[in-house]
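Accompanying notes for the structure given below.
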Amino acid sequence: MATTRSAHTVWEGNLLEGNGVVNFDSSGAIAAQPVTWASRSQDANGKTSPEELIAAAHSSCFSMALSHALAGAGTPPTKLVTSADVNFQPGEGITGIHLTVEGTVPGLDDDAFVAAAEDAKKNCPVSQALTGTTITLSAKLA
């Protein structure tokens with residue numbers, strides 16, 4: 001069954017001095033979050049950015065894809081800890097994403113874990129949506 005998830009942003013003012021609020025309409029699970037150009041291009045200062053939202057989406061999607069693949073291969077993970085670092089360069093855009101995963105997977109060796117992680121990086125739906133940028137990966141067993 002196909003699903004659609006929705007969010008909306010209300011922005012006021014120009015890019016450099018304006019500000020916005022991102023609203024998570026589908027779930028309401030996250031409170032409305034403030035966003036500014038400064039929080040995107042300098043220090044976060046308690047505000048989010050499109051890149052942080054992409055990082056959250058990518059780390060969770062990748063974790064689901066890797067968990068599913070490992071379980072399908074008969075070695076379900078006990079735990080996966082995934083982070084995504086999305087690099088943004090003003091004037092250029094998103095210049096790369098680095099995924100880091102550490103897994104606890106009984107019965108699996110390092111090489112098999114890295115191979116499964118590489119496959120998940122390539123095939124998770126968010127990775128596929130982000131094919132216009134370079135995605136790198138560091139993977140290891142705990």
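If you're wondering where the values come from, they're calculated on a predicted model, not measured in any experiment. Residue numbers run from 1 in the order of the sequence given.
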Given Glu52 and Ile54, is the side-chain contact (heavy atoms from CB on, under 4.5 Å) satisfied, shown in steps? CA-CA 5 Å; Glu52 184 177 39; Ile54 289 170; over 6 Å; no
With heavy-atom distances below 4.5 Å as the criterion, would you say the side chains of Cys124 and His58 are in contact? yes
What's the separation between atom CG in Leu99 and atom SG in Cys61, rounded to the nearest 0.5 Å? 10.0 Å
Taking all non-hydrogen atoms of both residues into account, name the closest pair between Ser39 and Ala44 and its distance. CB-O, 3.5 Å
Side-chain (Asp119) to main-chain (Ala115) donor-acceptor, under 3.5 angstrom: no
If you look at every heavy atom in Pro50 and Val35, which pair is closest and at what distance? CD-CG2, 4.3 Å
Val21, Trp11: one ILVMFWY side-chain cluster at the under-4.5 Å cut-off? no
Do Ser6 and Ser26 come within less than 4.5 Å of each other through their side chains, counting heavy atoms only? yes
Specify the closest pair of heavy atoms between Val114 and Ala139, including all atoms of both residues, with the distance to one decimal. CG2-O, 3.5 Å
Counting only heavy atoms from other residues, nucleotides and ligands, does the tally under 6.0 Å from CD of Gln128 exceed 12? yes
Here the ring pair (Phe, Tyr, Trp, His ring centres under 6.0 Å) pairs for residues 90-123, sequence neighbours left out, are none
Ser138 and Thr100: side chain to side chain donor-acceptor pair (under 3.5 Å), yes or no, with the steps? CA-CA 5 Å; Ser138 297; Thr100 303; 4.7 Å; no
Counting only N and O atoms by type, is there a donor-acceptor contact under 3.5 Å from the side chain of Asn23 to the main-chain atoms of Asp25? no
Non-hydrogen side-chain atoms of Phe62 and Val126 separated by less than 4.5 Å: no
Distance col, row Thr82:OG1 vs Lys121:NZ, nearest 0.5 angstrom, shows 13.5 Å
Between Asp85 and Ile97, is any pair of side-chain heavy atoms under 4.5 Å apart? no
Looking at Gln89, I want to see if its CD is surrounded by more than 12 non-hydrogen atoms of other residues, nucleotides or ligands under 6.0 Å. yes
What is the distance from atom OG1 of Thr75 to atom CG of Leu70, rounded to the nearest 0.5 Å? 5.0 Å
Quick check against the 3.5 Å criterion: does Ser127 have a side-chain atom that pairs as donor or acceptor with the backbone of Lys122? no
Nearest heavy-atom neighbours spanning Leu141 and Glu102: C-CG, 4.2 Å
Euclidean distance, Met64 CE relative to Leu80 CG, rounded to 0.5 Å: 11.5 Å
Is the backbone N or O of Leu130 less than 3.5 Å from a side-chain atom of Thr133, with the two atoms forming a donor-acceptor pair by type? no
State, with a plain yes or no, whether a side-chain heavy atom of Ile135 is found less than 4.5 Å away from one of Leu137. no
Side chain proximity check, Val81 to Lys79, heavy atoms < 4.5 angstrom: yes
Asn19 side, atom CG; Thr9 side, atom OG1 - distance, nearest 0.5 Å: 11.5 Å
Whether Ser41 side chain and Trp37 backbone form a donor-acceptor pair below 3.5 Å: yes
In short, Pro106 meets Pro76 closest at the heavy-atom pair CD-O, 4.0 Å
Do Gln33 and Lys47 make a side-chain contact, defined as non-hydrogen atoms from C-beta onward lying under 4.5 Å apart? no
Just how far is it from atom CZ of Phe88 to atom OG of Ser49, taken to the nearest 0.5 Å? 8.5 Å
How far apart are the C-alpha atoms of Leu66 and Val101, what are their side-chain angles, what is the distance that settles it, and do they pass the side-chain contact (heavy atoms from CB on, under 4.5 Å) test? CA-CA 10 Å; Leu66 180 54; Val101 62; 4.0 Å; yes
State whether the side chain of Asp109 and the backbone N or O of Asp111 hold a donor-acceptor pair below 3.5 Å, judged by distance alone. yes
Apply side chain to side chain donor-acceptor pair (under 3.5 Å) to the pair Ser63 and Ser60, showing each step before the final yes or no. CA-CA 5 Å; Ser63 294; Ser60 60; over 6 Å; no
